[in-house]
Novice: 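Next up is a structure, given as structure tokens.
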2 protein chains.
Amino acid sequence: MVIAAGPVPSMEDAQSASQDDGVGQSRTRSLSVTDRIRSAILSGDFAPGERLREVQLSETLGVSRTPIRSALQALASEGLLDYAPNRGYAVRSFQTAEIVDAYEIRAMMEALAARFAAERGLTDAERRVVEGALADGDALLAKGSLQDEDRVTYGAINFAFHDAIHSAARCRMLGEMIRLCQSVAPSSHRNIVAFEFEDVRRRHDDHHRIYDAILARDSYRAEILMREHVASVRSSLVRSMLKRGSGSPASGAAGTVADRARAVS
Amino acid sequence: MVIAAGPVPSMEDAQSASQDDGVGQSRTRSLSVTDRIRSAILSGDFAPGERLREVQLSETLGVSRTPIRSALQALASEGLLDYAPNRGYAVRSFQTAEIVDAYEIRAMMEALAARFAAERGLTDAERRVVEGALADGDALLAKGSLQDEDRVTYGAINFAFHDAIHSAARCRMLGEMIRLCQSVAPSSHRNIVAFEFEDVRRRHDDHHRIYDAILARDSYRAEILMREHVASVRSSLVRSMLKRGSGSPASGAAGTVADRARAVS
DNA sequence: TCAACTCAGAATGTATACATTTCTGCACAT
DNA sequence: ATGTGCAGAAATGTATACATTCTGAGTTGA
């Protein structure tokens, strides 16, 4: 791949990182490096299947191999890298089928989160967030059409809605698994920008119904509504992939992280 | 009953099986140490919330801190340990509620795996394993009652059945997530020993029906049957917990891994 | 008596040297 | 031309020394 000069965004951070700002939160080098490498992978700075060499990364990022190794192991457990003993780490190349499957899994998990939320109820704070997201979405959609920046805004609204429900589910493992799914497939708050106005309107209507079900403690309805809500995102994704002809899972290296980002942008 | 020492049957075996064919153990110290510490945690050798100190572990296991650190990080990402920067790792103490929730999540994931298996079909090898598990179970149940060793045998049969379906789902992420659920809650092939004869008979009948649905490519039926199949295990677990009075999630440290193992043994 | 401070001890974080394995390139033989 | 085998290089695995941070006992002061 071609990362020679400007590999990771801003490698001069090594200095600013040392002086950090006042709130001395003791973030270790390992954690910082993990974030930076993760960003680089998600930005598509590495080709799919490309090996990440420890010495090279340590020189680029200005730290020793120790925090690099820790970061690579963490990213492998997040599913972003593949690991083989004595051979090291490589950027995982996702097949189109894997991305679609991840949406299926996420649909099940989000549905379960909605059911839990309905069973367990929302805190006042969570209720405020959800109702704010619904109101903001209503206002945005009242314009009758969406500009690109509006779609970005709705992406944030969408994320807030779902995040509040994950929180209300009161289940740490569920949240972690949904995050895993999102690391494979672009999260809905990022690919929402690909949808037409009517698609967004429909999704927002889903949000209203889901919240109604949760408020009514109708856990069954909340679950099936959320499942269809997320599954429909998957369907849209499949449709857009087919339209662009990038849906052929033939070549082994097809469907990189960058490809995914591009496909839904 | 105490959980037998040794690593739990897991999907990691797929990797080692593909690489070291009996002779050269190219498994690194990090991987071996990870297995040993995992077994110790699952055996209840550590109290919930107990800190795992690197130097102590390195002296006990006879390796340096480096592979220890790697193992602890891996176990934390598996959900068995909690981590705090500059403070290290501690055995995660599971609440009763978390264990029950894990069964809910697993029910959804296994149901999805059954649906995928129905949609995608089984290989000849997978079909042989499933049919063997069904036949072996039939033979075992024909006796009309079960001794303790029979229950252990059925545990293995049960594991083989489910494992073949996970394999047939053709979805790596799904397999990983089911493994995560099993690391929190004892897997059905281990706690099956707690059930009465009629319970086992019912579960085995479920297996027959699930396989029928998969063979018939009836993905919807396979899904709902599997979901109820796993969810019923959760119900049995809750019942047995209540019976033993260990279901109070009051004290913060209640519900250790060891407690869980004991509760279903 | 209690609060806060000091400072040693210990634990974790990082860097680096060394060990082992894997990859690569070339010579050589078939 | 292709396959084999053997160094040499390079990459990963491990051990260890050093740096930084946390913890807690003891002391001091109000």
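In what follows, chains carry the letters A, B, and so on, assigned in the order in which the sequence lines appear, proteins first and then strands, with residues in each chain numbered from 1.
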Novice: Counting only side-chain nitrogens and oxygens, does A/Ser30 get under 4.0 Å of the OP1 or OP2 atom of C/dT14?
Specialist: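 For A/Ser30, the contact criterion (side-chain N or O under 4.0 Å from OP1 or OP2 of C/dT14) is met.
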Novice: Considering residues at least two apart in sequence or located in another chain, which fulfil the salt bridge (charged side-chain N to carboxylate O under 4.0 Å, His left out) criterion with B/Arg115?
Specialist: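 Only A/Glu104, B/Glu119, B/Glu223 meet the salt bridge (charged side-chain N to carboxylate O under 4.0 Å, His left out) criterion with B/Arg115.
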Novice: Would you list the pairs meeting salt bridge (Lys or Arg N to Asp or Glu O under 4.0 Å) in which at least one residue belongs to residues 79-91 of chain A, sequence neighbours left out?
Specialist: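 Counting only pairs at least two positions apart or across chains, the salt bridge (Lys or Arg N to Asp or Glu O under 4.0 Å) contacts touching residues 79-91 of chain A are A/Asp82-B/Arg172.
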Novice: Rounding to 10 degrees, work out the angle separating the end axes of the helix from C/dT1-D/dA30 to C/dT30-D/dA1 (five pairs an end).
Specialist: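 Between the first-five-pair axis and the last-five-pair axis there is 20°.
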Novice: Would you say B/Thr66 reaches D/dT14's phosphate, i.e. side-chain N/O to OP1/OP2 under 4.0 Å?
Specialist: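 For B/Thr66, the contact criterion (side-chain N or O under 4.0 Å from OP1 or OP2 of D/dT14) is not met.
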Novice: D/dA15 P sits how many Å from B/Glu59 CD, rounded?
Specialist: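 For the pair B/Glu59 CD and D/dA15 P, the rounded distance is 13 Å.
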Novice: Output all residues satisfying salt bridge (charged side-chain N to carboxylate O under 4.0 Å, His left out) with A/Arg120, sequence neighbours left out; order by chain, then residue number.
Specialist: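 Once residues adjacent in sequence are excluded, the partners of A/Arg120 under the salt bridge (charged side-chain N to carboxylate O under 4.0 Å, His left out) criterion are B/Asp101.
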Novice: Report the distance from atom CG of B/Leu31 to atom C1' of C/dT21, rounded to the nearest whole Å.
Specialist: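 Roughly 14 Å, once rounded to whole Å.
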Novice: A quick test of your reading: do over 12 heavy atoms of other residues, nucleotides or ligands sit less than 6.0 Å from CZ of B/Arg36?
Specialist: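 No, not enclosed.
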Novice: What residues from residues 71-78 of chain A pass a heavy-atom cutoff of under 4.0 Å to DNA chain C?
Specialist: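 Listed by number, there are none.
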Novice: Taking salt bridge (charged side-chain N to carboxylate O under 4.0 Å, His left out) as the definition, give me every residue that meets it alongside A/Arg128, ordered by chain and number, with sequence neighbours left out.
Specialist: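 Salt bridge (charged side-chain N to carboxylate O under 4.0 Å, His left out) list for A/Arg128, sorted by chain: empty.
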Novice: Is a side-chain N or O of A/Ser167 found less than 3.5 angstrom from the main chain of A/Asp163, in a donor-acceptor match?
Specialist: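 Pair absent, no side-chain N/O of A/Ser167 close to backbone of A/Asp163.
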Novice: Taking atom P of C/dT16 as reference, at what distance in whole Å does atom CZ of A/Arg29 sit?
Specialist: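 The answer, rounded to whole Å, is 11 Å.
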Novice: Mind checking side-chain contact (heavy atoms from CB on, under 4.5 Å) for A/Ser77 and listing every partner two or more places apart, or none if nothing turns up?
Specialist: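 If we apply the side-chain contact (heavy atoms from CB on, under 4.5 Å) test to A/Ser77, skipping adjacent residues, the hits are B/Ser77.
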Novice: Does B/Thr60 have any side-chain contact (heavy atoms from CB on, under 4.5 Å) partners at least two apart in sequence or in another chain, and if so, which?
Specialist: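 B/Thr60: side-chain contact (heavy atoms from CB on, under 4.5 Å) contacts with B/Gln56.
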Novice: How would you label the contact of B/Ser70 with the nucleic acid (heavy atoms, under 4.0 Å): base, sugar-phosphate, or nothing?
Specialist: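 No contact.
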Novice: Measure all distances between protein nitrogen or oxygen atoms and nitrogen or oxygen atoms of nucleotides 6-12 of chain C, and list the pairs falling under 3.5 Å.
Specialist:
unit_1	atom_1	unit_2	atom_2	d
C/dT12	OP2	B/Glu54	N	3.1

Novice: Sequence neighbours left out, what passes salt bridge (charged side-chain N to carboxylate O under 4.0 Å, His left out) with A/Arg170? Give chain and number order.
Specialist: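 Partners of A/Arg170 by the salt bridge (charged side-chain N to carboxylate O under 4.0 Å, His left out) criterion, ordered by chain and then number, come out as A/Glu126.
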Novice: Excluding sequence neighbours, so at least two apart, what forms ring-ring contact (aromatic ring centres under 6.0 Å, His included) with B/Phe116?
Specialist: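 Per chain and number, B/Phe116 pairs via ring-ring contact (aromatic ring centres under 6.0 Å, His included) with no residue.
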Novice: Sorted by first residue and then second, give each salt bridge (Lys or Arg N to Asp or Glu O under 4.0 Å) pair with at least one member in residues 63-73 of chain A; sequence neighbours left out.
Specialist: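 Listed by first then second residue: A/Glu54-A/Arg65, A/Glu54-A/Arg69.
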